[in-house]
Chemist: 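Got a structure for you, written out below as structure tokens; questions coming shortly.
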Amino acid sequence: MIKIKQNTYKYVYGPVPSWRLGSSLGIDLLSQKSKICTFDCIYCQLGATKTYSNQRIAYVHVDDILRELRSLPPKIPIDFITFSGRGEPTLASNLGIAVKAVKALRPDPIAIITNSSTMDRASVQEDLSLADFVIAKLDAFSAETFEAVNKPSDMIHFENVVKGLLKFRKNYNGKFALQIMFTEENKKYAGKIASLSRKIAPDEIQINTPLRSCPVPPLSEIELMDIKNHFADLNVISVYEGNKTYVEPISDSDTLKRRGKV
Ligand code: SF4
């Protein structure tokens, strides 16, 4: 394993082990003290959303991201460079510019993890289409469950989220996964969420439950296996079966910061 000297990076974090992505080097295009998000999910490990954000804004200069990436060793054993971080990455208006710039700098495939709330916007679809792998959140099957689990801003409507997912799926050429976080709140709707997932027809379904410390407890492995049965005809993986690759972080403190722990 390559030993990476610990430094403080402001926008780049990891590599971190990810059950969905193997070893992932993260980029946070938001990098604000408080999270920037359209949602206030009941399981969010970053704490409550103080003020909802709906507008796309450039929070970070792409040149600053590139400067940090250039300071890394040229060969780090990673599977993906992932745009995620403290909030919803598609709220960064320079996401597409950043993806193109990172691709020009490094050969690693790019993943973006989104909460799907802005996918009905053409500019967001355009930016996401530049990634090799898009992982999109879908925790609900109806406006009521959406309100109960994701607590969206008034500007975000479930029907538009679903329309955005369907349209993006139709046009996107990369790998597309739906990630579903199950808790007590939505576990009884697994069958209905599976039906909606079938209509969206992703390449992969990722069934999750909050294993890291957060305001709600995780479901057990047995409960998640029961839920998985509803998705049996799809390409499905659950967090309990995921890859537990160990990777050495660039900076432990930065990784914890991105997880809302400092
Ligand atoms: S979408 Fe992610 S960052 Fe936003 S509230 Fe939900 S869990 Fe937190």
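Counting starts at 1 for both ligands and their atoms, in listed order. The shown structure was predicted, so the numbers you read here are calculated from the model rather than taken from an experiment.
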Chemist: Salt bridge or not for Arg169 and Asp203, using N-O below 4.0 Å?
Modeler: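 Salt bridge between Arg169 and Asp203, a charged N being under 4.0 Å from a carboxylate O: yes.
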Chemist: For the side chain to side chain donor-acceptor pair (under 3.5 Å) test, which of Thr118, Asn115, Asn54 pairs with Thr38?
Modeler: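 Only match with Thr38 under side chain to side chain donor-acceptor pair (under 3.5 Å): Asn115.
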Chemist: Show which side-chain atoms of residues 189-196 pair as donor or acceptor with protein atoms under 3.5 Å away, not counting sequence neighbours.
Modeler:
{"residue": "Ser195", "atom": "OG", "partner": "Gly191", "partner atom": "O", "Å": "3.2"}

Chemist: Provide the protein N, O or S atoms situated under 2.8 Å from atom 8 (Fe) of ligand 1; waters are not included.
Modeler: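 Under 2.8 Å from atom 8 (Fe) of ligand 1 - ignoring waters, which are not counted - the protein N, O or S atoms are Cys44 SG.
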Chemist: Please check atom 2 (Fe) of ligand 1 for a protein heavy-atom neighbour under 4.0 Å.
Modeler: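 No; the ligand atom in question lacks any protein heavy-atom contact below 4.0 Å.
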Chemist: Do the ring centers of Phe141 and Phe158 come within less than 6.0 Å of each other?
Modeler: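 Ring centres of Phe158 and Phe141 not closer than 6.0 Å.
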Chemist: For the pair Glu88 and Lys35, find out whether any cationic side-chain nitrogen is under 4.0 Å from an anionic carboxylate oxygen.
Modeler: no
Chemist: Is it the case that atom NZ in Lys100 sees more than 12 heavy atoms from other parts of the structure closer than 6.0 Å?
Modeler: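 Not more than 12 within 6.0 Å, no.
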